[in-house]
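One structure is given below, encoded as structure tokens.
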Amino acid sequence: MNFRESVIISCLVIFLVIGGFIGYGIYQDNIKMHQNYIQAKDAFRNGKFKEAEKLLEGNPPRDILKEFYLLKFKVLLNQNKLSEAEQTGLKLSEKYPDDAFINYLLSLIYYNTGDSENTESYLKSAVKNSPETPDYKYALANFYNNSGDYERSIKLYEELAAELPDYEVIQMTLISAYKDIGDINKAFECAQKAFQIFNKSPYFAYVLADLYNQFGQKDFAAEYFAKAAELDVTGSTSAKTRYFEITGKPYLAAAQFKTEKIPYSGKDGLIIINASFNGIKGRFLVDTGAVTSVVYGNFIKNSNIKLKTNIFGLAQSANGETTVVPVVSGFFKLGNSEFKNVRTFVMLNDNMPFDGIIGNNIIQNTDYFVDRQRRTITIKSVQ
């Protein structure tokens, strides 16, 4: 081997050694970033946002890039650091331009900073890239409504009401939108359709009564105020007062309620009862803080419950993370009380000691009392 070849080989060895050190350093950095990401998730769940932000400094490895920046976005948003959250969101958008959820998150930033143009743009992108998730279209409709663009907002509300007739909030919003622009004829038409679907809802009965009253049809107004009073288990409306104002008589008809006591279990204040979903018995957490009821994936799979849906929604998991999940129309039974057409999230990733959640969209239709000494929950509902 001559001197020239020896020098070349020596240089190659040096380069390989240096490359090895660099590669090992990158490998160690990646391990450290993975560890930081896991610790940051725990900090975020526990509300330690500054600690989480510190752990999320630096550039993540490619295999956790999306999850890393999504977590960083939420951490910054929870601290109201909108400018930093925007920059993080734009990094995600540049990498994943067709991700509807990322576009939706950016729209929240721009809405909160008063940037209407970008709010609309990113919401439109979210709708375009995920038409099967009505929450994005609903958010766009609400944006138009809040901006005074009633024509476009009502058009979207109408589309959503036709696509999701059993989504109670959309029906309520559509009626309110028509009332806001003074079109009580369309509001009345929508209220009639909604009450046909939700015929045990005191809200829609009350709205119909109020509209009949505006039309000057006092007899029908009294009839529907009486229906609203009968259905109003919790006393959430002024139906009885309105009935008296029209008829001059107090509402005295005995509402047909059924009351039953259901035993519950659970530690640390949790209320877990036996109930059924689509005819299959399970254990469900009663949680009035959950806007929408939930069934978990393991329960669906193990019980062989057949569900079909092409609708998705935005749900918040127990650790505070927002995810896109399937939405179904469910049938719940608590004791002898039945609740049909219940908007229900199917949470696919679960490790809970119960099969689902009885949320506020069920509980709001009952009057309930928790007896923690006897460990029972008393539910009063309309027969």
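We number each residue from 1, following the sequence as shown. Keep in mind that this is a model prediction, so the values were computed, not measured.
Remark: side-chain polar atoms of D232 are paired, donor with acceptor, to backbone N or O of T237 under 3.5 angstrom. At distances below 3.5 Å, not a single donor-acceptor pair connects side-chain atoms of S303 with backbone N or O atoms of I305. Judged purely by atom type and a 3.5 angstrom limit, S93 has no side-chain atom pairing as donor or acceptor with the backbone of G89.
Taking the six-membered ring for Trp and the full ring otherwise, the centers of F277 and F331 sit at least 6.0 Å from each other. With ring centers used as reference points, F215 lies under 6.0 Å from F188. Aromatic pair F354/F284: centroids not less than 6.0 angstrom apart. In this structure, Y243 has its ring center under 6.0 Å from that of Y251.
The existence of a salt bridge linking E132 and K137 is excluded, since no basic side-chain nitrogen approaches an acidic carboxylate oxygen closer than 4.0 Å. Between D355 and K301 there is no salt bridge, since no side-chain N of the basic residue sits under 4.0 Å from a carboxylate O of the acidic one. Using a 4.0 Å cut-off between a side-chain N of Lys or Arg and a carboxylate O of Asp or Glu, K340 and D166 do not qualify as a salt bridge. Using a cutoff of 4.0 Å between basic side-chain nitrogens and carboxylate oxygens, E84 and K72 are not scored as salt-bridged. A salt bridge is defined here as a Lys NZ or Arg NE, NH1 or NH2 lying under 4.0 Å from an Asp or Glu carboxylate O, and D371 with R374 meets this definition.
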Output, in order, the C-alpha distance, side-chain angles, deciding distance and verdict of salt bridge (Lys or Arg N to Asp or Glu O under 4.0 Å) for D98 and K128.
CA-CA 9 Å; D98 297 328; K128 177 184 176 183; over 6 Å; no
Check the pair D135 / R343 against salt bridge (Lys or Arg N to Asp or Glu O under 4.0 Å), numbers first and verdict last.
CA-CA 13 Å; D135 290 39; R343 177 175 164 85; 3.3 Å; yes
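The heavy-atom pair separating N78 from K74 by the smallest distance is ND2-O, 2.7 Å. Nearest heavy-atom pair, N145 versus A177, reported as atom, atom and distance to 0.1 Å: OD1-CB, 4.4 Å. Between V286 and I377 the shortest heavy-atom distance is CG1-CD1, 4.4 Å. G279 and S276 get closest at one heavy-atom pair: C-CB, 4.3 Å.
With sequence neighbours left out, K155 forms a side chain to side chain donor-acceptor pair (under 3.5 Å) with E159. With sequence neighbours excluded, the residues satisfying side-chain contact (heavy atoms from CB on, under 4.5 Å) with A187 are I175, Y178, K179, L211.
Within the model, atoms CD of E53 and CG of L55 stand 10.5 Å from one another, a figure rounded to the nearest 0.5 Å.
K249 forms no cation-pi arrangement with F244, by the criterion of a distance under 6.0 Å to the ring centre and an angle within 45° of the ring axis. Both tests hold for K227 against Y224: distance to the six-membered ring centre under 6.0 Å, angle to the ring axis within 45°.
Linking ILVMFWY side-chain heavy atoms closer than 4.5 Å, directly or via other members, places V291 and M347 in two distinct hydrophobic clusters. A continuous path of ILVMFWY side-chain contacts below 4.5 Å connects F345 to L160, so both sit in one hydrophobic cluster.
Applying the side chain to side chain donor-acceptor pair (under 3.5 Å) test to every pair with at least one member in residues 204-221, sequence neighbours left out, gives these pairs: Y206-S238, Y206-R242, D210-Q214, D210-R242, N213-K218.
Two residues are said to be in side-chain contact when any heavy atoms from C-beta on lie closer than 4.5 Å; R372 and I271 meet this criterion.
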